[in-house]
Structures are given as C-alpha cells and as structure tokens.
Amino acid sequence: RFGVEGGFNMTKWNGELMPDYSQEAKSIVREFSKSGMKPGFHAGVLADLVIQDHWSIQPEVLFAMEGSKITDSLGTQKVSALYIRIPILVYYNIMNVGPGQLSPGLGLFFAGGVGGSLENGGDTFGDEGVLDEFDWGLNVKVAYEMQKMVSGLFGSIGFSQGFSTSKSTGMSVSVGYKFQYAKFFKKKYNTGMLEYNP
C-alpha cells in the first residue's frame, strides 16, 4: 500500500557545527556551547510492504523542517534546517488491538539538507554554512492503524538520534492515511513471500 503522512516535530543538535565552516559563519556562531529544542513540521509519502504475517517494511520520503536553538557568545538564536528525510523502518504488527493494529518499528533514517538559515544571518548549509548537509541515524516509532471505521487512518509517535557530527535528536507526532490495496496490484504482485490476505 501507499500512503501520505504529516505532523509535528521537535529537534535539537547535541554535537558540533562543522569544524571548517567559513570565517563569515564564525562571526555569526561562536563557541557553540549548548542547544535547545526547536519546533518544526514534516510531510511526505510512504510505502507499506508486507513481508510476512506480522512483519512489514515501511520506507518514507519526507520534507522536514528541523533545526535547533543554539547558545553562543552572541546569545541564543534559532537555526533552521530543511531536509529531504528518508526513514526506512521494520515494523512488527500486532493485530486486533482494539479497533486497529499496534506496530512498533525500528530502523534508520538518512537525510540531506536542502536549505535553511541562521536567525542572525547566514546559511545553514553550503560553503558559507555551519552544518554538514548529510545526516543519518537511528529511528524508533510506534504506530497505530485503524482497521475498522476509518480503515487506513493511522497515527504514530517517533524518536530519532543522529550519528553525524551534529548528533541531532528529534521527537515527532504524525498522522496519515494508507490507501487500500488495488485488486489488480494485489493479484499480480502480492505472491509468494509478499502474499497478503487481509
């Protein structure tokens, strides 16, 4: 199945800014000492690939507005970061939990920075930026999908921990909808190990 989702996230950076960022950026961000959470949002599409009775893989492609509040010698400022974010999680689906299914998931995310700015001026990424454009790390989610009433409607909460130099930490709340299986697609492609008979 394919689906759409969107939601709210809170992120912050616990690591370091790029050690070789430009002199111009150094005049804006000095002695980065601590960080705080910054609110943002995410939206995108997903694919739900059932591989066995209770197991599925869910890749997603999200546009995510993230960032952090940072404290340096000039005070506290907000730094925004726009990412194309690709989480890939493996879910274990527990059926018949109330009117739906409960699905804890674990996986990795990969993210590429495409824009952003510092509150006091300057760019987040690029030659004059203060942050590495690539981020990756661990992603944990717990999702609940309705199987009755509004079948396909789901919500999830998530936590991510980045392993790049910024060591980003994020929490998210999402809602979305998974479209039902098209009969011709199910008959033609869901065979063998991908067989699924709800």
Side-chain angles (χ1 to χ4, degrees), residues 3-26 28-49 57-72 74 76-91 104-143 156-176:
V4 293
E5 72 171 306
F8 174 79
N9 47 258
M10 295 283 288
T11 56
K12 72 171 184 175
W13 300 326
N14 303 299
E16 299 178 353
L17 301 179
M18 290 180 65
D20 56 349
Y21 53 81
S22 69
Q23 291 298 318
E24 179 182 347
K26 283 182 179 180
I28 301 169
V29 180
R30 304 176 185 176
E31 300 175 6
F32 170 42
S33 57
K34 63 180 181 179
S35 65
M37 286 285 191
K38 181 181 181 299
F41 69 89
H42 58 275
V45 297
L46 61 88
D48 183 20
L49 311 174
I57 297 176
Q58 185 169 295
E60 306 171 9
V61 179
L62 305 173
F63 175 81
M65 181 177 181
E66 302 180 6
S68 184
K69 292 181 180 178
I70 64 173
T71 300
D72 55 34
L74 299 179
T76 300
Q77 65 171 308
K78 297 177 182 178
V79 182
S80 66
L82 304 179
Y83 286 99
I84 300 297
R85 190 178 181 94
I86 304 177
I88 302 174
L89 290 93
V90 176
Y91 284 94
L106 178 66
L108 297 175
F109 75 87
F110 305 91
V114 295
S117 62
L118 286 70
E119 188 176 25
N120 292 344
D123 297 325
T124 304
F125 304 111
D127 295 337
E128 302 298 323
V130 298
L131 196 68
D132 191 353
E133 293 179 351
F134 179 72
D135 192 17
W136 72 283
L138 182 69
N139 213 170
V140 179
K141 280 189 177 182
V142 177
S156 68
I157 56 174
F159 172 81
S160 64
Q161 178 60 58
F163 298 145
S164 66
T165 55
S166 66
K167 292 183 172 58
S168 63
T169 297
M171 294 178 289
S172 65
V173 177
S174 306
V175 293

Those residues that, when tested against [X], pass side-chain hydrogen bond (donor to acceptor under 3.5 Å, both in side chains) (two or more places apart):
X      : value
Ser80  : none
Lys141 : Glu60
Thr169 : Asn14, Gln161

Roughly how far apart are [X] [atom1] and [Y] [atom2], rounded to 0.5 Å?
X      : Y      : atom1 : atom2 : result
Leu131 : Asp123 : CG    : CG    : 12.0 Å
Ser164 : Phe110 : OG    : CZ    : 12.0 Å
Trp136 : Ser160 : CH2   : OG    : 13.0 Å
Arg85  : Ser172 : CZ    : OG    : 7.5 Å
Ser168 : Phe163 : OG    : CZ    : 9.5 Å

Of the non-hydrogen atoms in [X] and [Y], which two are nearest, and what is the gap between them?
X      : Y      : value
Asn139 : Pro87  : OD1-CB, 3.5 Å
Gly162 : Asp135 : CA-OD1, 4.0 Å
Lys12  : Ser68  : CA-OG, 3.5 Å
Thr124 : Ala81  : CG2-CB, 4.2 Å
Ala143 : Tyr91  : CB-CE2, 4.3 Å
His42  : Val173 : CE1-O, 3.8 Å

| query | Residues in ring pair (Phe, Tyr, Trp, His ring centres under 6.0 Å) with Phe109, at least two apart? | reply |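 Listed in chain order: nothing, the list is empty.
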| said: Under the rule for ring pair (Phe, Tyr, Trp, His ring centres under 6.0 Å), what residues qualify as partners of Phe8, not counting sequence neighbours? | reply: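 Here no residue qualifies.
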Would you say [X] and [Y] make side-chain contact, with heavy atoms under 4.5 Å?
X     : Y      : answer
Lys69 : Glu119 : no
Lys38 : Val79  : no
Leu46 : Leu62  : no

| field | Any donor-acceptor N/O pair, Asn9 side chain to Met65 backbone, under 3.5 Å | value |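 Pair found, side chain donor or acceptor close to backbone of Met65.
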| query | So, does Thr11 use its side chain to make a donor-acceptor pair with the main chain of Glu66 at under 3.5 Å? | reply |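 Side chain of Thr11 to backbone of Glu66: no pair is present.
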| request: May I ask you to decide if the ring planes of Tyr83 and Phe125 are parallel, tilted or perpendicular, using 30° and 60° as cut-offs? | output: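 Tyr83 and Phe125: perpendicular rings.
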| field | Partners passing side chain to side chain contact (heavy atoms under 4.5 Å, CB included) against Ile88 (at least two apart in sequence or in another chain) | value |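 Partners of Ile88 under the side chain to side chain contact (heavy atoms under 4.5 Å, CB included) test: Ile57, Pro59, Ile86.
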| query | Taking it one step at a time, do Thr165 and Asp132 satisfy side chain to side chain donor-acceptor pair (under 3.5 Å)? | reply | CA-CA 7 Å; Thr165 55; Asp132 191 353; 4.6 Å; no
